[in-house]
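Have a look at the structure below before the remarks.
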2 protein chains.
Amino acid sequence: MKAETEARTDTRKRILDIAEELLLTRGFNAFSYQHISRELGVRNAAIHYHFPHKTDLGTALVERYIRRLERFIEQHGEASATAQLERFFELADAYFRNDRQVCPSGILTVELHTLPVEMQVAARRFIEVMRQWAERIATLGQVEGSMRFAGTPAAMGLTMLATLQGGLQLARIEAAWLNSIKQQIRCLLGLAD
Amino acid sequence: MKAETEARTDTRKRILDIAEELLLTRGFNAFSYQHISRELGVRNAAIHYHFPHKTDLGTALVERYIRRLERFIEQHGEASATAQLERFFELADAYFRNDRQVCPSGILTVELHTLPVEMQVAARRFIEVMRQWAERIATLGQVEGSMRFAGTPAAMGLTMLATLQGGLQLARIEAAWLNSIKQQIRCLLGLAD
DNA sequence: GACACCTTACTGACCGGTAAGTAGAGTGGG
DNA sequence: CCCACTCTACTTACCGGTCAGTAAGGTGTC
């Protein structure tokens with residue numbers, strides 16, 4: 001039955017949702033199964049039932065990110081470079097508005113050395129998807145003629161990713177900085193002055 | 001005596017040095033007094049003698065960063081904007097070469113919510129010093145005429161800081177990216193193409 | 001003898017993880 | 001229709017290890 005299937009996966013999904021919030025606000029090392037179980041109103045062992053090891057939970061989390069991101073990119077793949085850039089910005093904005101979360105790639109790279117290997121591999125994949133999208137936007141913008149910048153599209157895309165990743169983190173100190181940085185990226189791409 | 005003074009502060013300094021390495025490679029939440037004491041060859045309680053609480057250690061660490069950074073900036077304050085930019089880059093390079101460490105501001109902002117308040121305050125100060133330097137470089141570059149970029153020097157400086165912070169983190173995934181990003185910043189400032 | 005600088009020995013809280021048990025829903029056989 | 005069984009999704013009750021932190025004692029130096 002439909003209801004049964006929903007019930008079956010509901011707890012698992014809620015665990016992932018809570019863990020996602022915790023990952024993006026506190027980092028992987030600074031949240032525990034207890035944080036989740038308390039919030040969810042279940043016992044600690046219930047989390048272990050769905051995700052035997054914390055590694056499993058972390059990896060599942062990153063892999064969900066990758067799926068979501070790929071779907072998001074696909075949805076906007078036909079748009080113009082400038083429109084895609086704004087979607088790119090909106091992604092960052094959405095993170096920030098939700099409890100001043102930072103970009104997952106920020107968390108994952110900062111904690112990289114302490115992460116289980118399986119998560120590291122997933123993290124690399126996530127970042128590569130992100131980077132390739134940024135590069136594609138820069139390439140398209142140059143081809144379209146809508147964006148004008150020095151250097152290669154590959155370097156520009158990578159730089160945009162780095163800037164937004166760092167910017168999202170710095171915005172925790174001063175919220176206004178995020179808009180400043182987005183506007184400056186537009187400037188640097190010849191989209192404003 | 002000189003020797004006594006040295007001996008007195010030697011352990012304290014070595015604790016800070018080891019803690020610094022741990023902070024920059026693992027983050028604040030992922031290192032413990034035991035990591036330090038094992039490396040240093042003393043007992044756990046010896047660390048507590050010098051830094052009663054982990055907060056004390058963390059705050060002392062950030063404050064040492066601020067002092068060092070201010071000294072570093074002062075040393076190069078008379079140089080040209082382009083020369084200061086290269087010093088800015090070298091700072092990042094130095095972190096990266098040493099065990100792929102990331103910029104302290106990266107760690108501190110990512111972990112911000114989980115940090116003791118005292119450390120948060122110190123972190124804000126550190127980042128403000130960093131940001132102001134970046135802004136000063138951009139302003140000087142524009143006044144000198146050596147740098148040409150759209151937008152305000154304040155936004156450009158902030159963006160440079162964000163880019164380098166993010167770039168240093170991404171370089172953990174692929175080392176070559178750091179040079180790519182540095183070169184792209186030079187391009188965006190009209191220093192190369 | 002006072003002090004700096006450690007040690008040993010400990011505490012309580014929390015960590016991820018496991019084992020065993022159970023309520024309830026679903027399933028097949030007679 | 002009912003009983004026996006199985007499976008999912010938990011629970012309670014632990015485990016050993018690690019965490020930051022503390023108290024009390026020892027030792028070498030001035």
Side-chain angles (χ1 to χ4, degrees), chain A residues 1-20 22-23 25-62 111 113-120, chain B residues 1-23 25-62 107 111 113-120:
Chain A
M1 319 291 160
K2 186 80 189 300
E4 180 215 23
T5 311
E6 270 176 10
R8 182 214 281 250
T9 53
D10 187 52
T11 303
R12 191 189 149 92
K13 188 187 172 300
R14 278 162 69 199
I15 292 171
L16 280 170
D17 288 342
I18 295 170
E20 178 176 325
L22 287 164
L23 178 72
T25 51
R26 302 181 53 94
F28 187 72
N29 295 305
F31 82 84
S32 71
Y33 274 34
Q34 291 191 47
H35 286 111
I36 303 171
S37 60
R38 214 173 301 154
E39 172 95 15
L40 196 57
V42 295
R43 296 290 150 178
N44 225 323
I47 320 285
H48 280 286
Y49 171 76
H50 292 282
F51 302 96
H53 306 274
K54 203 182 174 187
T55 304
D56 302 322
L57 175 56
T59 308
L61 224 42
V62 179
E111 294 192 304
H113 298 328
T114 67
L115 256 32
V117 182
E118 214 181 330
M119 274 191 75
Q120 289 186 24
Chain B
M1 316 287 158
K2 186 78 186 301
E4 179 217 24
T5 312
E6 271 177 11
R8 181 216 280 249
T9 53
D10 187 52
T11 303
R12 190 189 149 91
K13 188 187 172 299
R14 278 163 70 199
I15 292 171
L16 281 169
D17 288 342
I18 294 170
E20 178 176 325
E21 176 106 8
L22 287 165
L23 178 73
T25 51
R26 302 181 52 94
F28 188 70
N29 294 305
F31 83 84
S32 70
Y33 275 34
Q34 291 192 44
H35 286 113
I36 303 171
S37 60
R38 213 173 300 155
E39 172 95 15
L40 197 57
V42 296
R43 296 288 152 180
N44 224 323
I47 320 284
H48 279 286
Y49 171 76
H50 293 281
F51 302 95
H53 306 274
K54 203 184 172 186
T55 303
D56 302 323
L57 174 56
T59 308
L61 224 40
V62 179
I107 295 276
E111 294 193 304
H113 297 328
T114 67
L115 256 34
V117 182
E118 214 181 330
M119 272 190 77
Q120 289 186 24

CG of Leu61(A) to CG of Asp56(A), rounded to nearest 0.5 Å, is 12.0 Å
Does the side chain of Thr11(B) get closer than 4.0 angstrom to OP1 or OP2 of dC6(C) through an N or O atom?
yes
Out of Val42(A), Asp10(A), Leu40(A), which residue meets the side chain to side chain contact (heavy atoms under 4.5 Å, CB included) rule with Ile15(A)?
Leu40(A)
Provide, to the nearest angstrom, the distance between the CG atom belonging to Leu57(B) and the C1' atom belonging to dG21(D).
14 Å
Heavy-atom side-chain contact between Thr114(A) and Phe31(B) under 4.5 Å:
no
Please examine the side chains of Arg26(A) and His35(A), heavy atoms only from C-beta on, and report whether any two atoms are closer than 4.5 Å.
yes
Please report, rounded to the nearest Å, how far the P atom of dT22(C) is from the CZ atom of Arg43(A).
17 Å
Main chain of Ala46(A), side chain of Tyr33(A): is a donor-acceptor contact present, judged purely on distance under 3.5 Å?
no
Please answer whether the main-chain N or O of Phe28(A) pairs with a side-chain N or O of Glu111(A) as donor and acceptor at a distance below 3.5 Å.
yes
Mind calculating the distance between CD1 (Ile47(A)) and C1' (dT8(D)) to the nearest angstrom?
16 Å
Between Tyr49(A) and dC10(D), is there a side-chain N or O to OP1/OP2 distance below 4.0 Å?
no
Students should find that the end-to-end axis angle of the helix from dG1(C)-dC30(D) to dG30(C)-dC1(D), with five pairs defining each axis and rounding to 10 degrees, is 10°
Nucleotide by nucleotide, nucleotides 14-21 of chain C touches protein heavy atoms under 4.0 Å in the pattern (B base, S sugar-phosphate only, - none) SSSBBB--
Measure from the side-chain N and O atoms of Lys54(B) to the backbone N and O of Pro116(B), and report whether any donor-acceptor pair falls under 3.5 Å.
no
State which residues pass side-chain hydrogen bond (donor to acceptor under 3.5 Å, both in side chains) with Ser37(A); sequence neighbours excluded, sorted by chain then number.
none
His50(A) side chain N/O closer than 4.0 Å to the phosphate oxygens (OP1, OP2) of dC10(D)?
yes
